[in-house]
Protein chains: 2
Amino acid sequence: MTVTSVHDPSHREALWELEDAFERGDLISVFGRCTVAYEGRAASDLGIGDRLLVLKPDGAALVHTDEGRQPVNWQPPGSEHRAAVREGRLRVRSTRTNPDETLTVRFERVHQLSAMAVTGGRDLTLHGSEEDLRTRILERPDLIEPGFEPTATERPSSAGPMDIFGVDADGTPVVVELKRRRVGPDAVGQLARYVRALREELGATAEERGDGGDDGGNGDDGGDGDDGDDGDDGDDSGSDAARDDPSPAVRGILVAPSITGRAAERLADRGFDHVALEPTPED
Amino acid sequence: MTVTSVHDPSHREALWELEDAFERGDLISVFGRCTVAYEGRAASDLGIGDRLLVLKPDGAALVHTDEGRQPVNWQPPGSEHRAAVREGRLRVRSTRTNPDETLTVRFERVHQLSAMAVTGGRDLTLHGSEEDLRTRILERPDLIEPGFEPTATERPSSAGPMDIFGVDADGTPVVVELKRRRVGPDAVGQLARYVRALREELGATAEERGDGGDDGGNGDDGGDGDDGDDGDDGDDSGSDAARDDPSPAVRGILVAPSITGRAAERLADRGFDHVALEPTPED
DNA sequence: ACTTGAATATCGTGC
DNA sequence: GCACGATGTTCAAGT
């Protein structure tokens, strides 16, 4: 039998079953009326009530109520489970170190305890990720725009690896930033950093192209333009003329299913483009 | 009886119990051998294996394996659960809209099904949050430094609401940014945005205050003064002169239990201070 | 071990 | 409903 199960056990009975299940490495589910106390990175106390306690052989512990996706209390994998009967009640305690954390569940009454030996079934395949989006574009670059040609993925730069690098129909370098779902202004900042990094890297070329790559205003401190900040502080308009250049040396394209209004504003400010595209084709 | 439980039920038997439990608004736990398919914001498929399915009356659904704190598949609250027997197997499906998402669990075999009517016990008290840290400082402002006086919390600015705003012993405006745990450079950037916004707002006043009054230091180790700036954000380069002013019109203080080395460098670059403080007093 | 960044993040709050 | 920030975020990957 792969599953053991007891209904309305005594505390001592529940303890025996728990210890056996620990020994076998079972996945355990306990329904019962209990209090919960946690102390570690923070601290919390939960009064008496009906809850579901899940104990995993890898050390994870979860306390669920009847609401919410998140457990009301938990312990991450790597913790150690112990059970005991104290003051006539079943007490389950899960501890770990680094940081030191303790989760204690005290059962006033155990309604149902089940344990199952789990085998196999770890082959999860996830689709619709950012990688799918990249694959889709590499197979059909015209989804970005006619004439676009990808030349590298994860191309390194001083601002980190960029998702897709390529050239457009005019031979202008293009940085493509991929997001698998609707994005806000932060994604525009990320794209701006890559573009700036590439403009600096290709600076000489830009000069030759006669497009006046750098504005004369702050030419002295040449690496420190203020438009590439990560956060959302770039709201001051008109701080640079270069971004309004009609033919910038490097283009930026943000690929995402949709973008927020604020993000659209920033894209326009910087002269970047948005291409609406889903990780997988719509039905 | 508040708990119903069936061991090794037939698929039809399991269906009856499930539908009854849905009707009663029970918290449900199902052990069984199953496949899982999800389609929505992403898509995934999970081959056959032993898992624990948790169904909540608020619409949440969780599929847990024997590993990890996170469910391998799930559906958030607000979804609708339905059960049926198809092709001789129990099928549980949870759907929601906006976005459209579907989670389907097909049981080859149900080992154990339990359902419990949950009552009460929603009074969770959590300690050690950022709000605790704010409360602690407002009650004892001298923890920041002698003479510090908070004047507002969540004070608005063009960069968003700042955690605590106040004045130091010299009457200089102070922006305090709170973090409940160890922080990296991003927190310094956040603080810098607030300080810059306030400096702009109070610009005229700052010009007049050009006296030589300097802070007495707060006794912690002074940051090294190296200028090895990597310039990957440079968020306040616009007001360049103000940064090096020995008596800036606005001070910035980052309150956190500890900070990373890179964050310390940036703090020093911008002339900000760090105060080491926990959300709750150490024992 | 520390740091960085993504997630089907989730969850609250404010607009 | 949308956007933004905090979370005992968790988690994987890179350094």
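So you know, we letter chains A, B, ... as the sequences are listed, proteins then strands, and number each from 1. Side-chain atoms are counted along with the backbone in the values below, which use heavy atoms only and exclude waters and symmetry mates.
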Asks: Quick one: label Pro185(B) by what it contacts on the DNA or RNA (base, sugar-phosphate, nothing), any heavy atom closer than 4.0 Å.
Replies: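 It contacts sugar-phosphate atoms only.
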Asks: If we take the C1' atom in both dA7(C) and dA6(D), what is their distance in whole Å?
Replies: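 After rounding to an integer number of Å, I get 16 Å for this pair.
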Asks: So, does Trp74(B) get its side chain near the phosphate of dA9(C), meaning an N or O under 4.0 Å from OP1 or OP2?
Replies: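 Answer no for this pair, as no side-chain N or O of Trp74(B) is under 4.0 Å from OP1 or OP2.
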Asks: Between dT4(C) and Gln190(A), is there an OP1 or OP2 to side-chain N/O distance shorter than 4.0 Å?
Replies: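 No.
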Asks: Find which nucleotide of DNA chain D each of Gly184(A) and Leu103(A) is nearest to by heavy atoms, and output the residue with the more 5' nucleotide.
Replies: Gly184(A)
Asks: What is the distance from CD of Gln70(A) to C1' of dT8(C), rounded to the nearest Å?
Replies: 13 Å
Asks: Under a 3.5 Å cutoff, is there a donor and acceptor pairing between the side chains of Asp132(B) and Thr280(B)?
Replies: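 Result is no, nothing qualifies.
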Asks: Find the distance Leu124(B):CG to dG12(C):C1' and express it as a whole number of Å.
Replies: 14 Å
Asks: Considering heavy-atom distances to DNA chain C, does Leu126(A) or Asn98(A) have its closest nucleotide positioned more toward the 5' end?
Replies: Asn98(A)
Asks: Would you mind telling me which residue lines up with the more 5' stretch of DNA chain C, Asn73(B) or Ile259(B), judged by nearest nucleotide?
Replies: Ile259(B)
Asks: Glu67(A) has an atom CD; how far is it from atom P of dC11(C), in whole Å?
Replies: 11 Å
Asks: For atom CZ of Arg182(B), decide whether the heavy atoms of other residues, nucleotides or ligands shown that lie under 6.0 angstrom number more than 12.
Replies: yes
Asks: Looking across every strand, which nucleic acid part, if any, lies under 4.0 Å from Pro99(B) by heavy atom: base, sugar-phosphate, or nothing?
Replies: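 Counting heavy atoms under 4.0 Å across all strands, no contact is made by Pro99(B).
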Asks: Touch check for Gly128(B), heavy atoms < 4.0 angstrom, all strands: base, sugar-phosphate only, or nothing?
Replies: nothing
Asks: Please state the P separation for the pair dC4(D) and dG8(D) - nearest whole angstrom.
Replies: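 Those two atoms are separated by 22 Å.
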Asks: Arg69(B) CZ to dG8(D) P: how many Å, rounded?
Replies: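 After rounding, the reported distance stands at 10 Å.
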Asks: Would you indicate whether Glu131(A), at its atom CD, is surrounded by more than 12 heavy atoms from other residues, nucleotides or ligands within a distance under 6.0 Å?
Replies: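 It does not: Glu131(A) CD has 12 such atoms or fewer within range.
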Asks: Could you state the atom-to-atom distance from CZ of Arg182(A) to P of dA9(C) in whole Å?
Replies: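 Nearest whole value for this atom pair: 14 Å.
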Asks: Under 4.0 Å from OP1 or OP2 of dA9(C): is there any side-chain N or O of Arg181(A) that close?
Replies: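 Answer is yes, contact under 4.0 Å.
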Asks: Could you go through the salt bridge (Lys or Arg N to Asp or Glu O under 4.0 Å) check for Glu101(B) and Arg41(B) one step at a time?
Replies: CA-CA 7 Å; Glu101(B) 290 184 302; Arg41(B) 286 169 289 180; 2.6 Å; yes
Asks: What is the distance, to the nearest angstrom, from the CG atom on Leu178(A) to the P atom on dA6(C)?
Replies: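 It is 12 Å, rounded to the nearest whole Å.
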Asks: Without decimals, in angstroms, what is the distance between Leu62(A) CG and dG8(D) C1'?
Replies: 14 Å
Asks: Checking contacts here: which listed nucleotide (dG8(D), dT8(C), dC11(C)) is nearest the side-chain heavy atoms of Tyr38(A)?
Replies: dG8(D)
Asks: Please check the phosphate of dA6(C) (OP1 and OP2 only) for any side-chain N or O of Arg41(B) closer than 4.0 Å.
Replies: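 False: Arg41(B) side-chain N/O out of range (4.0 Å or more) of dA6(C) OP1/OP2.
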Asks: Relative to the 5' end of DNA chain D, which residue comes earlier, Thr260(A) or Glu130(B), by the nucleotide with the nearest heavy atom?
Replies: Thr260(A)
Asks: Select base, sugar-phosphate, or nothing to describe what Pro77(B) touches, counting heavy atoms under 4.0 Å on all strands.
Replies: sugar-phosphate
Asks: Rounded to the Å, how far apart are Glu101(B) CD and dA9(C) P?
Replies: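 Taking CD of Glu101(B) and P of dA9(C), I get 8 Å after rounding.
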